[in-house]
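FYI, side chains are in, hydrogens and waters are out, and symmetry mates aren't considered; it's all heavy atoms of this structure. Bear in mind that the values here come from a model prediction, so they are computed numbers and not experimental data.
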Amino acid sequence: VLRGKNLGKFNFRDKMLHKIINLTVRDVRFPTSLDQHGSDAMHTDPDYSAAYVVLDTDSGLTGFGLTFTLGKGTEIVVCAVEALARLVVGKCLQEIVSDFRGFYRLLTSDSQMRWLGPEKGVIHLATAAVLNAVWDLWARTEGKPLWKLLVDMEPKQLVSCIDFRYITDVLTEEEALDLLVKAQEGKQHREDQMQKEGYPAYTTSCAWLGYPDEQLKQLCTDALKSGWTRFKVKVGADLEDDVRRCRIIRQMIGPDNTLMIDANQRWDVAEAISWVSKLAEFRPLWIEEPTSPDDILGHAAISKALAPLGIGVATGEQCQNRVMFKQFLQASALQFVQIDSCRLGSVNENLAVLLMAHKFNVPVCPHAGGVGLCELVQHLILFDYICVSADLRNRMCEYVDHLHEHFTCPVVIQDAHYMPPKDPGYSCEMLESTVQRHQYPEGNVWKNMKK
Ligand SMILES: C[C@H](O)[C@@H](O)CC(=O)C(=O)O
Ligand SMILES: [Mg+2]
């Protein structure tokens with residue numbers, strides 16, 4: 001079976017060869033909670049995990065996809081992926097991508113399964129895993145990294161991948177096309193710039209909530225030495241702790257570097273406003289997920305109250321779909337859009353959100369981290385800069401320094417920038433040895449652990 005990196009040099013352009021003959025999905029978990037990696041005010045013991053999808057084709061070419069989860073419950077996402085498999089297996093890649101909007105609808109609008117969502121929760125995570133694998137397969141077929149596949153696509157083809165249902169009151173297909181056509185100017189220059197400089201990143205991995213102060217200080221020292229200038233700190237469980245931790249980090253990074261804070265939905269609206277006001281002296285650029293991810297008007301109230309303090313509101317990692325993002329934008333309820341490669345319905349739905357954010361002139365700063373999210377979302381943000389926003393002001397992509405060694409094409413960070421991936425695909429193929437060791441519950445990593 002032909003897998004992985006070398007496929008770029010094969011001529012797989014006859015896409016009719018790629019009939020999807022099998023979908024496998026596995027529950028892959030990493031015991032990150034043991035060291036408190038990824039911990040925050042609501043997720044105190046996250047085991048970074050994935051429902052990991054492999055699409056086999058009759059040509060031998062393989063597509064890899066995943067969606068991110070937190071340990072328990074991954075088996076439910078796996079079940080949902082299995083339920084979607086019959087909609088994918090038996091299809092040729094050509095058939096899918098020549099009507100990608102139709103295929104997206106097929107997955108999201110199945111007249112019985114849509115009752116489980118629609119387009120939210122477990123079933124939408126499963127949709128993301130499957131579609132991520134299809135995009136990976138397409139990019140591998142073209143011998144290009146996904147970002148380059150997108151950059152080279154005609155605006156018409158790009159919009160043909162988007163389901164505009166429920167968002168036409170804000171963005172029509174014609175408008176989307178117009179935005180993409182306008183952004184063609186200077187595209188080559190921006191692509192060259194990205195190849196040279198990469199896309200700016202910030203780090204979250206110094207200051208997970210469960211890290212003791214000594215660890216925070218050490219990680220912050222190391223990060224500063226490696227050239228990081230933007231840092232995110234977890235807050236929200238205890239105000240005194242937050243003040244102490246923010247003070248440490250602000251003192252260490254100095255007045256000119258950037259600080260963000262993230263509460264992971266811990267507060268009610270009024271509580272969010274008063275708590276964040278008490279952290280204003282540390283000059284955070286944004287408060288992330290201050291309250292329930294579904295409370296659009298609550299976010300609007302928080303945004304309004306914090307604007308005079310110069311603090312924006314960021315959200316998106318648990319924003320269910322394009323309709324929610326539409327309303328967040330309509331209500332001026334967020335100042336930073338945090339797209340997520342696995343929460344939304346893959347590239348298709350992320351394209352819709354990138355375009356809406358552009359129309360509202362709100363910067364996109366993707367959620368990454370977890371397992372594989374950095375690998376995936378780097379492609380989307382590169383595309384955003386080259387073909388949509390053409391702007392780097394107030395923009396950066398999250399980075400966390402965990403679990404990259406488990407991927408065949410891990411992210412490359414240079415001087416706190418994501419360097420554009422070169423290998424064909426969507427960068428989410430895991431090492432088979434990793435998958436075997438971490439498969440839950442039978443992998444060796446889990447067999448002997450009482451979890
Ligand atoms: C549970 C995850 O680690 C979460 O804390 C990640 C997150 O909020 C972020 O990266 O932002
Ligand atoms: Mg967050």
S.K.: Will you find, in the side chains of Glu288 and Asn264, an N or O donor that is under 3.5 Å from an N or O acceptor?
M.R.: no
S.K.: Could you list all the ring pair (Phe, Tyr, Trp, His ring centres under 6.0 Å) pairs where at least one residue sits in residues 334-368, not counting sequence neighbours?
M.R.: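 Ring pair (Phe, Tyr, Trp, His ring centres under 6.0 Å) check on residues 334-368 returns Trp286-Phe336.
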S.K.: Counting only heavy atoms from other residues, nucleotides and ligands, does the tally under 6.0 Å from CG of Asn361 exceed 12?
M.R.: no
S.K.: Looking at side-chain heavy atoms only, is the closest gap between Phe231 and Leu224 below 4.5 Å?
M.R.: yes
S.K.: Using ring centroids (six-membered ring only for Trp), state whether His406 and Phe30 fall under 6.0 Å.
M.R.: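 Under 6.0 Å, so yes.
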S.K.: Taking only residues two or more places apart in sequence or in another chain, which ones pass side-chain contact (heavy atoms from CB on, under 4.5 Å) with Ser226?
M.R.: Trp228
S.K.: Is Met356 close to Lys326 at the side-chain level, that is, under 4.5 Å between some pair of heavy atoms?
M.R.: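 They are in contact (side-chain heavy atoms under 4.5 Å apart), so the answer is yes.
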S.K.: Using a strict cut-off of less than 4.0 Å between a Lys/Arg side-chain nitrogen and an Asp/Glu carboxylate oxygen, indicate whether Lys120 and Glu349 qualify as a salt bridge.
M.R.: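 No.
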S.K.: Scan for side chain to side chain donor-acceptor pair (under 3.5 Å) pairs involving residues 369-386, sequence neighbours excluded, and state none if there are none.
M.R.: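 Sorted result for residues 369-386: Gln193-Tyr385, Glu375-His404, His379-Ser427.
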S.K.: Could you give all pairs that pass the side chain to side chain donor-acceptor pair (under 3.5 Å) test and reach residues 250-261, with sequence neighbours left out?
M.R.: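 Qualifying pairs: none.
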S.K.: For Glu405, I'd like to know if atom CD has over 12 heavy atoms of other residues, nucleotides or ligands within 6.0 Å.
M.R.: yes
S.K.: State, with a plain yes or no, whether a side-chain heavy atom of Val400 is found less than 4.5 Å away from one of Thr203.
M.R.: no
S.K.: Quick check: closest heavy atoms across Ala201 and Tyr399, and the distance to 0.1 Å?
M.R.: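 Nearest pair, atom of Ala201 first, then Tyr399: CB-CB, 4.4 Å.
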S.K.: Taking NZ, NE, NH1 and NH2 as the nitrogens, is one of them in Asp163 or Arg101 under 4.0 Å from a carboxylate oxygen of the other?
M.R.: no
S.K.: Work out which heavy atom in Ile249 is nearest to a heavy atom in Ala207; give both atom names and the distance.
M.R.: CD1-CB, 4.4 Å
S.K.: Got a sec, which residues hit ring pair (Phe, Tyr, Trp, His ring centres under 6.0 Å) with His417, two or more places apart in sequence or on another chain?
M.R.: none
S.K.: With Leu285 as reference, evaluate Ile311, Ile261, Asn394 under the side-chain contact (heavy atoms from CB on, under 4.5 Å) test and give the passing residue.
M.R.: Asn394
S.K.: Looking just at side-chain N and O atoms, do Glu442 and Gln439 make a donor-acceptor pair shorter than 3.5 Å?
M.R.: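 Indeed, the side chains of Glu442 and Gln439 share at least one donor-acceptor pair under 3.5 Å.
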S.K.: Atom CG of Leu382 and atom CG of Leu150: how far apart are they, to the nearest 0.5 Å?
M.R.: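 Atom-to-atom, Leu382:CG and Leu150:CG are 10.0 Å apart.
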S.K.: Holding to side-chain contact (heavy atoms from CB on, under 4.5 Å), I want the full list of residues that pass it with Gln184, two or more places apart in sequence or in another chain.
M.R.: Pro155, Lys187
S.K.: Hey, which of Glu289, Gln338, Met324 is the one that makes side-chain contact (heavy atoms from CB on, under 4.5 Å) with Cys319?
M.R.: Met324
S.K.: Checking Asn444 now: which residues fulfil side-chain contact (heavy atoms from CB on, under 4.5 Å) with it, not counting sequence neighbours?
M.R.: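 With neighbours one apart ignored, the set is Lys447.
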S.K.: Which of these, Asn350, Val353, Ile296, sits in a side-chain contact (heavy atoms from CB on, under 4.5 Å) with Phe325?
M.R.: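 Result for side-chain contact (heavy atoms from CB on, under 4.5 Å) with Phe325: Val353.
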S.K.: Given side-chain contact (heavy atoms from CB on, under 4.5 Å), test Met430 with Thr408 step by step and report yes or no.
M.R.: CA-CA 6 Å; Met430 285 188 195; Thr408 59; over 6 Å; no
S.K.: What residues form a ring pair (Phe, Tyr, Trp, His ring centres under 6.0 Å) with Tyr52, not counting sequence neighbours?
M.R.: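 None.
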S.K.: Not counting sequence neighbours, which residues clear ring pair (Phe, Tyr, Trp, His ring centres under 6.0 Å) with Tyr48? List them please.
M.R.: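 Tyr48 satisfies ring pair (Phe, Tyr, Trp, His ring centres under 6.0 Å) with Phe68 only.
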S.K.: Spell out, as yes or no, whether a donor-acceptor pair under 3.5 Å connects the side chain of Asp35 to the backbone of His37.
M.R.: no
S.K.: Answer yes when Glu398 and Arg230 have at least one side-chain N-carboxylate O distance shorter than 4.0 Å, and no when they do not.
M.R.: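 Looking at Arg230 together with Glu398, the answer is no, because their closest N to O distance does not fall below 4.0 Å.
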S.K.: Kindly list each side-chain donor-acceptor pair under 3.5 angstrom involving residues 128-137, sequence neighbours excluded, with atom names and distances?
M.R.:
| from | atom 1 | to | atom 2 | distance (Å) |
| --- | --- | --- | --- | --- |
| Asn132 | OD1 | Ser346 | OG | 2.7 |
| Asn132 | ND2 | Leu66 | O | 3.1 |
| Asn132 | ND2 | Ala128 | O | 3.2 |
| Asn132 | ND2 | Ser341 | O | 3.3 |
| Trp135 | NE1 | Asn348 | OD1 | 2.8 |
| Asp136 | OD1 | Arg140 | NE | 3.3 |
| Asp136 | OD1 | Tyr426 | N | 2.6 |
| Asp136 | OD2 | Phe64 | N | 2.7 |
| Asp136 | OD2 | Arg140 | NE | 2.7 |

S.K.: State, yes or no, whether a side-chain contact exists between Leu309 and Ser277 at a heavy-atom distance under 4.5 Å.
M.R.: yes
S.K.: Can you tell whether the side chains of Lys196 and Asp192 come within less than 4.0 Å, N to carboxylate O?
M.R.: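 Judged by the 4.0 Å cut-off on N to carboxylate O distance, Lys196 and Asp192 do not form a salt bridge.
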S.K.: Does Glu281 pair with Arg247 as a salt bridge, N-O distance under 4.0 Å?
M.R.: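 So Glu281 pairs with Arg247 through a salt bridge.
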S.K.: Might you confirm whether atom CD of Glu185 has over 12 heavy atoms from other residues, nucleotides or ligands at distances under 6.0 Å?
M.R.: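 Open: at most 12 neighbouring heavy atoms sit under 6.0 Å from CD of Glu185.
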S.K.: Can you find a heavy atom in the side chain of Asp242 that is under 4.5 Å from one in the side chain of Leu279?
M.R.: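 A side-chain contact under 4.5 Å exists here.
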S.K.: Could you tell me whether the side chain of Pro420 reaches within less than 4.5 Å of the side chain of Tyr199, counting heavy atoms only?
M.R.: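 When only atoms from C-beta onward are counted, Pro420 and Tyr199 do not touch, as no gap falls below 4.5 Å.
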S.K.: Under a 4.0 Å N-O cut-off, is there an ion pair linking Asp178 with Lys182?
M.R.: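 So Asp178 pairs with Lys182 through a salt bridge.
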S.K.: So Leu306 and Ile287, do their side chains get closer than 4.5 Å, heavy atoms only?
M.R.: yes
S.K.: Going by the rule side-chain contact (heavy atoms from CB on, under 4.5 Å), which residues pair with Asp391 if we only count those two or more places apart in sequence or in a different chain?
M.R.: Ser389, Arg393, Arg395
S.K.: Holding to salt bridge (charged side-chain N to carboxylate O under 4.0 Å, His left out), I want the full list of residues that pass it with Asp268, two or more places apart in sequence or in another chain.
M.R.: none
S.K.: Could you tell me whether the side chain of Leu329 reaches within less than 4.5 Å of the side chain of Val170, counting heavy atoms only?
M.R.: no
S.K.: Between the side chain of Thr168 and the main-chain N/O of Phe164, is any donor-acceptor distance below 3.5 Å?
M.R.: no
S.K.: May I ask you to check whether Trp147 and Phe383 place their ring centers less than 6.0 Å from one another?
M.R.: no
S.K.: Out of Arg322, Arg114, Arg343, which residue meets the salt bridge (charged side-chain N to carboxylate O under 4.0 Å, His left out) rule with Glu119?
M.R.: Arg322
